[in-house]
Structure formats: structure tokens, C-alpha cells
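Shown next, in C-alpha cells, is the structure this report addresses.
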Amino acid sequence: MLLYPALDLRNGKVVRLRQGDPAQQTIYGDDPLAVADRWIGLGAEWLHVVNLDGAFAAANGNEAIVRQLAERNPSVPIQFGGGLRSLDDVRRAFDLGVARIVLGTLAVEQPELISQVISDYHAEAVAIALDARNGQVTTHGWQQATGISPVDLGQQVAALGVRHALYTDVSRDGELSGVNVTATVALALATGLNVIASGGVTSLADIIALNDSHSIAGAVLGTALYEGLIDFAEALRLAQD
């Protein structure tokens, strides 16, 4: 099981938001490159980078930071999302040097483009965000409910050739309330996707529970990592056990 340290970028800083709410922000670093160096130095094999300004359709310079991250650490691939809502956005993201993009809003509003993206860049380079609140997938930076369940959307995109997905129980994101293991595993089993747990991973016990399920491909670590509740080196050891 792969572990992805999260670098959520807003106004050029590394931040975390509670339940995706831009009004509930905590800043964890003014230098994203230094933050990335920290996790890579501890053994990170991937980085999970989110352009929050892009997700909220705000003007920003975060793409320059992503390019620097990719150039600085070419051996550590970047999984990148936030505001990728057109083919031009997708092309620009790959031009930055990221290895995999995460599509959310586009997957709901323009599913016909997913097959084209996979054809152009390969299925390993694409993940779909199945972020849900109250059982409904949310889009536009988790601000809009769609009425579609994560399982339904997951099955739809799997039929289009998608292999990877992120699942976030939005109500738990940034709350340090524990990952929703049951829902995450159920989603993986129902869709056949390589599901990455994202949101609510709070402790080493969560890592163990996800790994012991033998159904989860990875986990994104955010607030708990930055608050020192999870020792990253120990988490890596447990995830690789």
C-alpha cells in the first residue's frame, strides 16, 4: 500500500482545510519545496499535490511550484489535482511534469473526455476523485453535490478504462476522526478500482486497518501528518508490511 504525503497549495503555501472549507484553513508551510524535501527525505515514494486555488477557480501561481517540485525530485512522481476541468487543463498539468492527474468535476460533467485522456496519456496517468458527502459525489472543490453515489460513478469510469480512484469522505477530511475504512473497502470491491483512501487518516491504526483489508491501493496523509499524529517513517513500514 502506497502512502502519499499531501501538499495542498493555496496562495503558494502548504495548507489544510477542514472539510474542504476555505474559511477553515491552517497553514503548515510557506515553502512547499522544503515541505516536499522533508517527506521525500523520510522515504516518500509519491507526492499528492492539490492546487486548491484551481479547485476554487481562483487565480494563482501554484503551477510554477508544481513544475519546480517535479524538476527538483524527478524520481518521486507527483499525483496532481485541483481545477483540471478541460483538456487544456489536463495538457498543461502533464506539461508541468506530473505523473498522474486527478479528475473530479470533469469526470462528472464531461465523462466522454475520460476515454480521450486515457488514450492520450495511459490509464496509469489518470485517477478519478470520488469525493463524497452524505453519500453523494461532490464537485467544484467539494462545494456542489451531484446526486451520484461514489459506487455508481466509480463503476461508470471503470467501464471507460479508469484504473485508479481517490475516495474522500469529505465530512472526515481534516477532522482527525479516523478514516472511513468500511466505505473505502466497499467502494474498491464494488468498482474493481485501485482505490486510494483520502481524508480522515488519523493514526497508525488507520494505516494498519487499511492495509489489513488487502483491498486498498494507498492512502493520502494530510492533517495527521502535519500535526505530528502519524510518524511517517513508521507509517511507511506498516504500509509495506
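These numbers were taken from a predicted model, which means no experiment stands behind them. All values below were derived from every heavy atom in this structure, side-chain atoms included, with hydrogens, water molecules and symmetry-related copies excluded.
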In Å and rounded to the nearest 0.5 Å, what is the CG to CG distance from Asn73 to Leu47?
6.5 Å

Would a single hydrophobic cluster contain both Ile128 and Leu193, if residues Ile, Leu, Val, Met, Phe, Trp and Tyr are joined by side-chain heavy-atom contacts under 4.5 Å?
yes

Sorted by first residue and then second, give each ring-ring contact (aromatic ring centres under 6.0 Å, His included) pair with at least one member in residues 222-241; sequence neighbours left out.
Tyr28-Tyr226, Trp39-Tyr226, Trp39-Phe232

Could you walk me through whether Leu7 and His48 pass the side-chain contact (heavy atoms from CB on, under 4.5 Å) check?
CA-CA 6 Å; Leu7 277 77; His48 178 75; over 6 Å; no

How far does CG of Asn194 sit from CD1 of Ile216, to the nearest 0.5 angstrom?
10.0 Å

Less than 4.5 Å apart, any side-chain heavy atom of Leu9 and any of Asp53?
no

Donor-acceptor contacts under 3.5 Å from residues 106-121 side chains, at least two apart:
unit_1	atom_1	unit_2	atom_2	d
Glu109	OE2	His140	NE2	3.4
Gln110	NE2	Arg85	O	3.2

Which atom pair, heavy atoms only, marks the closest approach of Ile101 to Ala93?
CG2-CB, 3.9 Å

Within-4.5 Å side-chain heavy-atom neighbours: Tyr167 and Ser198:
no

Contacts of Asp31 that satisfy side chain to side chain donor-acceptor pair (under 3.5 Å) - sequence neighbours left out
none

Given side chains that start at C-beta, do those of Val15 and Thr26 come closer than 4.5 Å, heavy atoms only?
no

Heavy atoms of Pro5 and Leu225 approach each other most closely as CB-CD2, 4.0 Å

Taken to the nearest 0.5 Å, the spacing of Asp131 CG from Thr168 OG1 works out to 4.0 Å

Provide the closest heavy-atom pair for Phe94 versus Ala99 in the form atom of the first, atom of the second, distance.
CE2-O, 4.0 Å

In terms of hydrophobic clustering (I, L, V, M, F, W, Y; side-chain heavy atoms under 4.5 Å; direct or indirect links), are Trp46 and Leu96 co-clustered?
no

Could you check if a side-chain atom of Val14 sits within less than 4.5 angstrom of a side-chain atom of Asp8, using non-hydrogen atoms only?
no

Taking the side chain as C-beta and beyond, is there a heavy-atom pair between Leu69 and Leu33 under 4.5 Å?
yes

Do any pairs count as a side chain to side chain donor-acceptor pair (under 3.5 Å) and have a residue in residues 210-222, sequence neighbours left out, and if so which ones?
none

Would you kindly confirm whether Val76 and Met1 end up in one hydrophobic cluster when ILVMFWY residues are joined by side chain heavy atoms under 4.5 Å apart?
yes

Ala233 backbone acceptor or donor facing Asp231 side chain under 3.5 Å:
yes

Please determine whether side-chain contact (heavy atoms from CB on, under 4.5 Å) holds for the pair Leu3 and Ile207, giving the CA-CA distance in whole Å, both sets of side-chain angles, and the decisive distance to 0.1 Å.
CA-CA 9 Å; Leu3 298 183; Ile207 302 295; 4.0 Å; yes

Using side chain to side chain donor-acceptor pair (under 3.5 Å) as the criterion, list what pairs up with Tyr4, not counting sequence neighbours.
Arg100

Using 0.5 Å steps for rounding, measure from the CG atom of Leu204 to the CG atom of Asp206.
9.0 Å

Is the shortest heavy-atom distance from the side chain of Pro77 to the side chain of Glu45 under 4.5 Å?
no

Same apolar cluster (I L V M F W Y, side chains within < 4.5 Å links), Val195/Leu103:
yes

Determine the minimum heavy-atom distance between Val102 and Ala129, stating which atoms define it.
CG1-CB, 3.7 Å

Minimum-distance pair of heavy atoms, taken over all atoms of Ala145 and Gln136:
CB-OE1, 3.5 Å

Ignoring hydrogens and geometry beyond distance, is a side-chain donor-acceptor pair present between Gln25 and Arg16 at under 3.5 Å?
no

Can you check whether Asn62 reaches Leu52 side chain to side chain, under 4.5 Å on heavy atoms?
no

Would you say that Val90 contacts Val126 through its side chain, given a criterion of any heavy-atom pair below 4.5 Å between the two side chains?
no

Would you please say whether a donor-acceptor pair under 3.5 Å links the side chains of Gln79 and His164?
no

For residues 152-161, tabulate all N or O donor-acceptor pairs below 3.5 Å that involve a side-chain atom, not counting sequence neighbours.
unit_1	atom_1	unit_2	atom_2	d
Asp152	OD2	Ser149	OG	3.3
Gln155	NE2	Ala190	O	3.2

Worked verdict on Val220 versus Leu166 for side-chain contact (heavy atoms from CB on, under 4.5 Å):
CA-CA 9 Å; Val220 174; Leu166 272 74; 4.3 Å; yes

Look at the side-chain heavy atoms of Ile, Leu, Val, Met, Phe, Trp and Tyr, link any pair under 4.5 Å apart, and say whether Leu2 and Leu187 land in one connected group.
no

Short N-O contact, Arg92 and Asp95, less than 4.0 angstrom:
no

Of all heavy-atom pairs between Ala165 and Leu130, which one has the smallest distance, and what is that distance?
CB-CD1, 3.8 Å

Using side-chain contact (heavy atoms from CB on, under 4.5 Å), reason through Val179 and Leu210 one step at a time and then give a plain yes or no.
CA-CA 9 Å; Val179 68; Leu210 290 169; 4.2 Å; yes

